[in-house]
Asks: 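Questions regarding the structure given below will be posed in turn.
Basis for what follows: all heavy atoms, side chains included, without hydrogens, waters or symmetry-related copies.
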Amino acid sequence: MNAITRQELAQLDAPVVSFELNGREVNARANETLIQIADREGIAIPRLCYSEGLEAVGNCRSCMVEINGERVLAPSCCRFPTQGMKVVTDSERAVASQKLVLELLLSDMPEKEYTRHNEVDEWAARIGVGKPRFEARRQPPQDLTHPAIAVNLDACIQCTRCLRACRDEQMNDVIGLAFRGDDAKIVFDMDDPMGASTCVACGECVQACPTGALMPARDAALAVPDKQVESVCPYCGVGCQLTYNVKDDKILFVEGRDGPANHGRLCVKGRYGFDYAHHPQRLTVPLIRRADAPKTGDFSMDPDRVMDIFREATWEEALEFAGGKLRAIREQYGKKSLAGFGSAKGSNEEAYLFQKLVRTGFGSNNVDHCTRLCHASSVVALLEGIGSGAVSNPVMDVTKAEVVFLIGANPTVNHPVAATWLKNAIRNGTKLILLDPRKSELARMAHRSLQFKADTDVALLNAMMNVIVTEGLVDQAFIDDRTTGYEELKKNVEGYSPEAMAPICGIDAEAIRYVARLYATSKASMILWGMGVSQHVHGTDNARCLIALALMTGQIGRPGTGLHPLRGQNNVQGASDAGLIPMMFPDYQHVTNPEVRANFEKAWHVAPGSLDDKPGLTVVEVMHAIKHGDIRGMYVMGENPAMSDPDANHAREALAALDHLVVQDIFLTETCYLADVILPASAFPEKDGSFTNTDRLVQMGRKAVNPPGDARQDLWIIQEIANKLDCDWDYKHVSEVFDEMRHTMPSIGGITWERLEREHSVTYPCVQEGDPGQSVVFVEDFPRADGKARFVPADIIPANERPDTEYPMVLITGRQLEHWHTGSMTRRATVLDALEPDPVALVHPLDLAAMGGQPGDVITIESRRGEVCLYARADESSPRGAVFVPFCYYEAAINRLTNSALDPFAKIPEFKYCAIRVKVGGEPPVQVSYGGGQALEDSLKDR
């Protein structure tokens, strides 16, 4: 790092001091440590316990320096400069001390190397430490009980970097330093084996460890990569930046990178969920359904049966069959007889081209993707109320908030790295108000945790607004200057007193009053929500209430405030921005607007008046239209509606009824089994493209490895299908697609491909080239016609299906920490599959006992639409009378039970609430192994 001038330092917070470092004068802030200053000045000082970003503890003593001729040496990681101080890093005394520490540590190093970057070895070689003169201490045994992390305490130097990473960064509190003297050692929980501990396998300890005492379980860190490729994580919407380490066209391991959303942190999926790309079940050649293979929803995931159903084909044959049949259906039944489902797992460019293909090649707006099943209601309410479907503030703003209002979300599971920033903020004084029918891990840290009755969000939120209005806690100046419709909302909440709503939502009236006052009166309150808010028939109303809370208190438009729906998939924000929704062109420009259509007709070089002026069908509506005979053909790219749609039996029947189904994917998913032609595509690390995270941060994903066999890039496939439908496209590179996007999407108009390659990420809105981008929006006005936000009142609408005597319990669905979406990727990732191989239902222990069951028993869950059998896990996070089930397990596909009733505004299904009955017993779920657990077991035998 370049030397910093006194003038530059004077602009920073701490006072500036001048002192002597190795005989020359330097300027520094008084709150900088000597080791930080030395690094900036290009002076190397050994260090082992010190790591940038972790609290400095000075316990290894390898960074000792001599100060002013003092008799006692000082650790440079813990010492701060003072005016006129004289510091020497390479004096005889300092170097002798550094060498002795390293020699002592070297004497305990095992003969076996666990990592290529043992920092003890590296620093010893750098300062000339020879063979140690001391005998090694007693060496503890290796612990290989954890699927992700090998524990090699014979290489541990007790620097506590792992402890601080676990305790202070991730705040999981698993790792400790126990015992004293020669018996001191790193322990997990109560000195449990790592595999039996509460470790969530985020791997932060592995990334922090300087010696290989904690390492990936498969010796991956010993291999020398051919190259390192900077990219982003393919999973949730947080958008963590990472580095792929690649050898022989295979990803060896992944490391966190200092990106805006993660600053080096990763979760278990981001760090260990990468090898799905190399799974033997990857599709490598186009497949066409055999003429005698019937389409039924009753299929096996046994890969040995694939060739009984499909035959291999050339790309030329497959593309002609796929595109030719779609074209024939369009010509025979009309433009609205076709539909397309794109993917939020793909890039912005893929989403953009896919929706353009449907609109210009198919000729209709029948295009949608998984946001319809996730945050459609949030987007509808946000567009209606504030004029933008994106977040107002980044997740990192929780560190600037006095109060964080978290409702209907479990970020420790669904957005783990975002959860670490929230935990850090809480430690530093931010008050967390947690509202959820389920009790998440964050409840132990919450200032107030309100576990309200499922389906009563509007009652609770309106009661809060009643308090704010009746007690005069509104920001009247903000309301008058920047909003409309307040009087109507004020009148609506009059009947929602906390006393009246308390028995409905199950929360004491005083608790409602307390959190309402706390939210309204803090200097900065921020609202985050998840699909517990959005996936209801009243999901749009839930979001309307959250928007109204922010508006009436003026808690928006400033750092540490605002509205943030946490996005579930890595590019659900970007896919929506790019127009992969049936009623909006890119950048949320409505299809019914004649001027908008004319602009896109010109940009896309199609005939005036040729673009459809009616909103298309949504995901669930398409399934009904298939059954009615209105939709005859479909093109599905990277989506798995046979698993992700509600009432999945109905969805599978609909897909089987199509005249022609084209599926483009990387694995033989449940939807692929119903296809007429399957096109093998590229996995995330096999392509270049841009991706937009939940913070509106457009980031660059880069190709690290090649697709296997004859699999092809998704953009190439989309273009080939488009040209079979007479689109006549000729994009030579992904950058050409991005450039076309930015010229049709004002919000990213200032972001060039060259800038993305150079800077890796840019936040939108970024209208003009060179603009820095806006992380906080709505500072002065809202992007509505009058510049003002709009209040929209909401009243209680009950769930479509309530418990009764026949179905007395409630089903809540969601995700697991280790698995993601429908599991097609994570269940083929070795470590993730080993961590959670079997389908489970989380049942309150008292409910399980009342049924006569025990943890691990097979239970049968039944709704009016079907039944599944899976294993019971006793878990107090689920309230009594409710059962939580992840939707990633094929052998216990829980969406066969969920209700397809729709929110009338957003057309999102009610995944978070349906009536069920549960009994102990039933057929054990069919054992489905994707090879993860066995592959890990085999690799550990080799050690």
Asks: Verify whether one side chain among N172 and K423 offers a donor that lies under 3.5 Å from an acceptor in the other.
Replies: yes
Asks: Are any of the side-chain heavy atoms of V151 and F188 separated by less than 4.5 Å?
Replies: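 Touching, per the 4.5 Å side-chain cut-off.
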Asks: Taking atom types as modelled, find out whether Q241 and E230 have a side-chain donor-acceptor pair closer than 3.5 angstrom.
Replies: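 No, because no side-chain N or O of Q241 sits under 3.5 Å from a partner of the opposite role on E230.
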Asks: Do you see a donor-acceptor pair shorter than 3.5 Å between the side chains of D189 and T198?
Replies: yes
Asks: Are R265 and T420 linked by a side-chain donor-acceptor pair shorter than 3.5 Å?
Replies: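 Present: a donor and an acceptor within the cut-off.
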Asks: Quick one, K185 and C156 - any side-chain contact, counting heavy atoms below 4.5 Å?
Replies: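 The answer is no; the side chains never approach within 4.5 Å.
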Asks: Heavy atoms, side chains only, cut-off 4.5 Å: are C205 and I149 in contact?
Replies: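 In short, these two side chains touch, coming nearer than 4.5 Å.
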Asks: Tell me if the centroids of the rings in H564 and F405 come within less than 6.0 Å of each other.
Replies: no
Asks: Going through the distances and angles, do R482 and E780 end up as a salt bridge (Lys or Arg N to Asp or Glu O under 4.0 Å)?
Replies: CA-CA 8 Å; R482 301 194 56 190; E780 296 179 352; over 6 Å; no
Asks: Between N410 and T412, do the side chains contain a donor N or O and an acceptor N or O under 3.5 Å apart?
Replies: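 Distance-only check passes for T412 and N410.
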Asks: Quick one, Q158 and L177 - any side-chain contact, counting heavy atoms below 4.5 Å?
Replies: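 Heavy-atom side-chain distance check passes, below 4.5 Å.
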Asks: Less than 3.5 Å apart, any donor N or O on the side chain of H447 or Y514 sitting next to an acceptor on the other?
Replies: yes
Asks: Give a yes-or-no answer on whether the side chains of Q170 and R167 include a donor-acceptor pair shorter than 3.5 Å.
Replies: no
Asks: Within the structure provided, determine whether E204 and C166 are in side-chain contact (heavy-atom separation under 4.5 Å).
Replies: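 They are not in side-chain contact.
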Asks: Look only at the side chain of Q83 and the backbone of S18, and say whether a donor-acceptor pair between them is shorter than 3.5 Å.
Replies: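 Between the backbone of S18 and the side chain of Q83 there is a qualifying donor-acceptor contact (under 3.5 Å).
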Asks: Can you see which heavy atom on N262 is nearest to which on R257, and at what distance?
Replies: ND2-O, 3.1 Å
Asks: When you compare the side chains of R517 and T521, does any donor N or O come within less than 3.5 Å of an acceptor on the partner?
Replies: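 Per modelled atom types, R517 and T521 side chains form no pair under 3.5 Å.
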Asks: For the pair R271 and F253, evaluate side chain to side chain contact (heavy atoms under 4.5 Å, CB included) and give the outcome as yes or no after the intermediate values.
Replies: CA-CA 8 Å; R271 196 176 301 276; F253 59 95; over 6 Å; no
Asks: Are the charged groups of R513 and E471 less than 4.0 angstrom apart, N to O?
Replies: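 A salt bridge links R513 with E471.
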Asks: Is the shortest heavy-atom distance from the side chain of S525 to the side chain of T561 under 4.5 Å?
Replies: no
Asks: Mind checking whether L242 and V232 have side chains closer than 4.5 Å, heavy atoms only?
Replies: no
